[in-house]
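One structure is given here, and the rest of the page talks about it.
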Amino acid sequence: MVRRTLLFLGGLLVAGTTVVVTQPLWAFAALAWTMPRIVWLIETKEPLVALSFDDGPSPEHTPQVLEILAKHRAHATFFLIGDRAIAHPELVDRLRSEGHEVGSHYFTVRSTVQVSDGDFLANLTRTEDVLGLRGPIKLFRPPGGKIRPSQLRLAEDRGYRVILGSAYPYDGYHPPSAYIRWLVTKNLAPGVIIILHDGIADPSRTVAALEAILTAGERKGLRFVTVGELLRTRKD
């Protein structure tokens, strides 16, 4: 009995690890069903994929990403850190002028899980003011993808949609560029939201994989758009 139990638990661990590493799209459909107030992917009839970048703006790396996107006529949503946006307002303006979308990624890179609701709301509002976010729908991605239910309610009360995604190659942890390219490319399908990073210390592997990701999407007949544009195509 003990041996069978250990084998069962070991099998669950292997299965869980496999899902985390390979990220099959059905897993995100299940997450969307269990947590419908968070946007993981969008049901759409259009051949569109949303591309997003976190933790910027970065004066060194964000322009590199913008050059590649312009080459492919692709657009993206940049979830920006408030205090970094204060330091580089010219990059925030450039993002918008080139047709990209700006969303909130909180005021600092710290997780909000241990932050009081009062501090959370204050920093959410401060970032909103810095970025000049306007409704009726504003986009928020919590740092680390973690948010308490009370914070989710506060964000919704201020008109935010909380956005995660359905293709995240853990590029903030510096996996090989080949893994980033493989994970995102295999998940390219209408309605998917890709999470990448331009604001981490060394996003060179992400930048190296981006061209191949965009090319693979083009070959599948997909167009890369902002999260907001994808949301507007949601199938009723």
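Predicted, not measured: the structure shown is a model, and the values here were computed from it.
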Show every salt bridge (charged side-chain N to carboxylate O under 4.0 Å, His left out) that has at least one partner inside residues 98-120, sequence neighbours left out.
Arg94-Glu98, Asp117-Arg148

Applying a strict under-4.5 Å side-chain criterion to I, L, V, M, F, W and Y, I'd like to know whether Phe53 and Ile200 cluster together.
no

Please collect all ring pair (Phe, Tyr, Trp, His ring centres under 6.0 Å) contacts where either partner lies in residues 129-164, sequence neighbours excluded, each pair once.
Phe120-Phe140

Do Val227 and Ile42 have side chains that get closer than 4.5 Å, going by heavy atoms?
no

Contacts of Glu46 that satisfy side chain to side chain contact (heavy atoms under 4.5 Å, CB included) - sequence neighbours left out:
Thr44, Leu48, Thr233

For Trp40, check side chain to side chain contact (heavy atoms under 4.5 Å, CB included) against everything at least two apart and list the hits.
Phe28, Leu31, Ala32, Met35, Ile38, Leu164

Do Val109 and Pro143 have side-chain heavy atoms sitting under 4.5 Å apart?
no

Testing Leu69, Ile193, Val65, Val225 for side-chain contact (heavy atoms from CB on, under 4.5 Å) with Leu51, which one passes?
Leu69

Set of salt bridge (Lys or Arg N to Asp or Glu O under 4.0 Å) partners for Arg158, sequence neighbours left out:
Glu128

Separation between OG (Ser104) and CG (Leu80), nearest 0.5 Å, reads 8.5 Å

Using modelled atom types only, decide if a donor and an acceptor are shared between the side chain of His105 and the backbone of Arg141 within a distance under 3.5 Å.
yes

May I ask you to test the Thr226-Leu231 pair for a side-chain heavy-atom distance under 4.5 Å?
no

Got His197 and Ile195 here, is their nearest side-chain heavy-atom distance under 4.5 Å?
yes

Taking side-chain hydrogen bond (donor to acceptor under 3.5 Å, both in side chains) as the cut-off, I'd like each qualifying pair that reaches into residues 179-193, sequence neighbours left out, listed once.
none

Does a side-chain heavy-atom distance below 4.5 Å link Ile163 with Arg161?
yes

Could you list the residues that satisfy side chain to side chain contact (heavy atoms under 4.5 Å, CB included) with Lys146, not counting sequence neighbours?
Val113

Indicate yes or no: at least one non-hydrogen side-chain atom of Leu222 is less than 4.5 angstrom from one of Pro190.
yes

Ignoring hydrogens and angles, tell me if any N or O in the side chain of Thr77 forms a donor-acceptor pair with the backbone of Val102 under 3.5 Å.
no

Any chance you could lay out the side chain to side chain contact (heavy atoms under 4.5 Å, CB included) test for Gln64 and Asp198, step after step, and finish with the verdict?
CA-CA 9 Å; Gln64 296 175 19; Asp198 63 322; over 6 Å; no

How about Tyr106 and Ile81: do any of their side-chain heavy atoms sit closer than 4.5 Å?
no

Any side-chain heavy atom of Leu66 within less than 4.5 Å of one from Leu95?
yes

For residues 20-37, the salt bridge (charged side-chain N to carboxylate O under 4.0 Å, His left out) pairs (sequence neighbours left out) are Arg37-Glu156

Show every donor-acceptor pair shorter than 3.5 Å between a side-chain atom in residues 204-217 and any protein atom, with sequence neighbours excluded, or say none if there are none.
{"from": "Ser204", "atom 1": "OG", "to": "Asp202", "atom 2": "OD1", "distance (Å)": "2.8"}
{"from": "Thr206", "atom 1": "OG1", "to": "Asp171", "atom 2": "OD2", "distance (Å)": "2.8"}
{"from": "Glu211", "atom 1": "OE2", "to": "Lys71", "atom 2": "NZ", "distance (Å)": "3.2"}
{"from": "Glu211", "atom 1": "OE2", "to": "His72", "atom 2": "NE2", "distance (Å)": "2.5"}
{"from": "Thr215", "atom 1": "OG1", "to": "Glu211", "atom 2": "O", "distance (Å)": "3.0"}

Going by the rule ring-ring contact (aromatic ring centres under 6.0 Å, His included), which residues pair with His100 if we only count those two or more places apart in sequence or in a different chain?
His75, Phe78

For Val130, all residues meeting side chain to side chain contact (heavy atoms under 4.5 Å, CB included), sequence neighbours excluded
Ala85, Ile86, Phe107

Pairs involving residues 215-225, ordered by first then second residue, that meet salt bridge (charged side-chain N to carboxylate O under 4.0 Å, His left out) (sequence neighbours left out):
Arg223-Glu229

